[in-house]
*Asks:* 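One structure, as structure tokens, below. Some questions next.
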Amino acid sequence: MKKGVWFVLALSVVVGIAAGAFWLGGRSQFSNTGGSQAGSAQSAVAPKAPAIAAPPIPVDASRVKPTALAKVITTVGSLRSDETVIVRPEVSGRIAEIGFREGQQVAKGTTLIRLDQSIQRAEMQQAEANLALAKSRIERSRDLHSKGFISSQAKDEAESSYKVAQAAFELAAARLTKLEIKAPFSGFVGLRMVSVGDYVREGQDMVNLEAIGVLKVDFRIPEVFLKEVKVGQALKVTLDAIPNQTFDALVLAINPLLDANGRALVVRAGLKNVGTRLRPGMFARVSLASSEQQTSLTVPEQSLIPVGDDVFVFKIVDNRALRTKVEVGQRQTGIAEITRGLRDGDVVVTAGQPKLRDGTSVKLATVDGASAGPAAPTAPSPSPIEVPPAASGAKKS
């Protein structure tokens, strides 16, 4: 019995030792195979390709250069009618007739409003009758005085009565005339504030009349420019209501009295209103070029890049575009004055800015509108990368 038990135990130990040897041998073989495959895979990876530089971006450019600029005074103002009036009655009365349409153009002397004339016409007829009677009396008194039938005093009294009647007649005629309110000049009537049947008093506003064939623009400039502004000087006017259009004007008058509050000089200019497109009250921007000139550095206006309250340009240095902050002075047609940030001879980009960043490599296509010459040679494109074959010692899976 004991021999059977020992035999079973011995057989179990032998089987365990054999199983352990088999497991250890298989793991060693697996590790060797995996390491060989990993080495073969590493040898099959292609070498890292060299970095490819981006080609330079072609741009148009211009040189910063000094330019003789006339000193330009810029300010704002308002358009005014050449003539303007508020039509008001001189006597009280009831409106009997309105002789215009709102916004209509009327000629000088046109009857705009007629008040009721019934009472004044009656007074006129009475004064006319009295005048006729006084005239006949003076004629008879002169005849009788020449014949010696009346005294000189009686003749003088008759002449005085005639003059009184004549004055009364003229007074009645003047009152009748005041009931017809006529246009004092040619122009456009505005919007009326009364209607037929309204009772108006002396000085009451009824309608405005504007002459706008020629307009005036009033503006203020600092007193330091007093010597640079003269009557007859030309200036440019632009309007926000009519963009992309400039109107020529001439200085008409300079107020001899300076505004004590702002020490400003009030100037009035005139401009023609062709087609009556402009209207009084429009906001105007005025550019007045003085006779003095100064030399300043300028760049094309298209080279400027506004960013918020700042202005930048791309300056080309060693074939690279450098973002440079500048300060801009006055602007004229197509050019801008640079007061700080650039020097004479610097080259700035005028076309192609949206593609650029600070430090971008660039290639000049044109400079000041002329060709910049043959294009700079670019780096040759790299040859295709060949992947070396896998190592011969690698094992195939």
Side-chain angles (χ1 to χ4, degrees), residues 80-214 216 252-253 256-257:
R80 298 172 58 91
S81 300
D82 185 34
E83 301 290 347
T84 179
V85 68
I86 301 295
V87 178
R88 301 180 177 96
E90 296 184 45
V91 296
S92 300
R94 191 172 303 279
I95 297 177
E97 181 183 351
I98 295 178
F100 65 89
R101 297 190 308 274
E102 294 173 314
Q104 177 186 359
Q105 185 175 8
V106 296
K108 179 180 179 179
T110 302
T111 299
L112 301 178
I113 294 176
R114 181 179 289 109
L115 303 181
D116 181 49
Q117 302 176 348
S118 56
I119 297 177
Q120 284 76 10
R121 284 192 177 278
E123 292 177 349
M124 177 73 175
Q125 293 174 358
Q126 182 181 6
E128 186 176 8
N130 291 335
L131 179 61
L133 178 60
K135 185 176 180 180
S136 63
R137 284 178 178 177
I138 193 174
E139 290 176 354
R140 285 195 303 269
S141 64
R142 287 173 181 174
D143 183 55
L144 293 175
H145 181 267
S146 63
K147 295 179 180 179
F149 294 114
I150 61 173
S151 63
S152 298
Q153 182 180 357
K155 181 179 74 70
D156 294 340
E157 290 178 354
E159 290 180 351
S160 178
S161 299
Y162 173 77
K163 291 179 181 179
V164 170
Q166 187 176 21
F169 174 79
E170 292 176 356
L171 179 61
R175 287 177 176 174
L176 184 62
T177 303
K178 298 297 183 182
L179 298 178
E180 286 192 6
I181 304 169
K182 299 183 179 182
F185 51 81
S186 299
F188 288 84
V189 288
L191 305 181
R192 57 185 172 89
M193 293 164 274
V194 293
S195 300
V196 174
D198 280 347
Y199 184 84
V200 294
R201 299 187 178 276
E202 301 94 332
Q204 181 176 337
D205 295 350
M206 294 191 295
V207 70
N208 61 303
L209 178 64
E210 311 287 338
I212 60 175
V214 175
K216 301 172 183 175
L252 298 178
L257 178 64

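Residue numbers start at 1 and run along the sequence shown. Predicted model only: the values in this text are computed from it and were never measured.
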*Asks:* Does a side-chain heavy-atom distance below 4.5 Å link Y162 with L131?
*Replies:* yes

*Asks:* Can you check whether Q204 reaches V194 side chain to side chain, under 4.5 Å on heavy atoms?
*Replies:* yes

*Asks:* How long is the span from the CG atom in N208 to the CE atom in M193, to the nearest 0.5 Å?
*Replies:* 6.0 Å

*Asks:* Measuring from D116:CG to R121:CZ, what's the distance to the nearest 0.5 Å?
*Replies:* 10.0 Å

*Asks:* S141 versus L144: any side-chain heavy-atom pair under 4.5 Å?
*Replies:* no

*Asks:* Could you tell me which non-hydrogen atom of A127 sits nearest to which non-hydrogen atom of F169, and how far apart they are?
*Replies:* CB-CA, 3.5 Å

*Asks:* Taking atom NZ as the centre, does K182 end up with more than 12 heavy-atom neighbours from other residues, nucleotides or ligands that are less than 6.0 angstrom away?
*Replies:* no

*Asks:* Hey, can you pull the donor-acceptor pairs under 3.5 Å for the side chains in residues 89-101, sequence neighbours left out?
*Replies:*
residue : atom : partner : partner atom : Å
E90     : OE1  : K178    : NZ           : 3.0
E90     : OE2  : K178    : NZ           : 3.3
S92     : OG   : E202    : OE1          : 2.8
S92     : OG   : E202    : OE2          : 3.3
R94     : NH1  : G197    : O            : 3.0
E97     : OE1  : R114    : NH1          : 2.3

*Asks:* Between atom CD of Q120 and atom CG of L179, what is the distance when rounded to the nearest 0.5 Å?
*Replies:* 4.5 Å

*Asks:* Can you check whether S195 reaches D198 side chain to side chain, under 4.5 Å on heavy atoms?
*Replies:* yes

*Asks:* Taking the side chain as everything from C-beta on, heavy atoms only, tell me whether V164 gets closer than 4.5 Å to N130.
*Replies:* no

*Asks:* To the nearest 0.5 Å, what is the distance between CD on E83 and OG on S186?
*Replies:* 11.0 Å

*Asks:* Which atoms form the tightest heavy-atom contact between V200 and M206, and what is the distance?
*Replies:* CG1-SD, 4.4 Å

*Asks:* Would you name the heavy atoms of G187 and L209 that are closest together and state the gap between them?
*Replies:* C-CD1, 3.9 Å

*Asks:* Between S160 and D156, is there a donor-acceptor pair closer than 3.5 Å when you use the side chain of the first and the backbone of the second?
*Replies:* no

*Asks:* List for me each residue that meets side-chain hydrogen bond (donor to acceptor under 3.5 Å, both in side chains) alongside K135, sequence neighbours excluded, and say none if there are none.
*Replies:* none

*Asks:* How far does CG of L176 sit from CD of Q125, to the nearest 0.5 angstrom?
*Replies:* 10.0 Å

*Asks:* Looking at I119, I'd like to know if its CD1 atom is crowded, meaning that more than 12 non-hydrogen atoms belonging to other residues, nucleotides or ligands lie closer than 6.0 Å.
*Replies:* no

*Asks:* Checking the side chain of E102 only, and the main-chain atoms of R192 only, is there a donor and an acceptor separated by less than 3.5 Å?
*Replies:* yes

*Asks:* Looking at K163 and E159, is there a salt bridge between them, counting it only when a charged N and a carboxylate O are closer than 4.0 Å?
*Replies:* no

*Asks:* Atom CZ of R80 and atom CG of D82: how far apart are they, to the nearest 0.5 Å?
*Replies:* 10.5 Å

*Asks:* Is the count of non-hydrogen atoms from other residues, nucleotides or ligands lying under 6.0 Å from F149 atom CZ greater than 12?
*Replies:* no

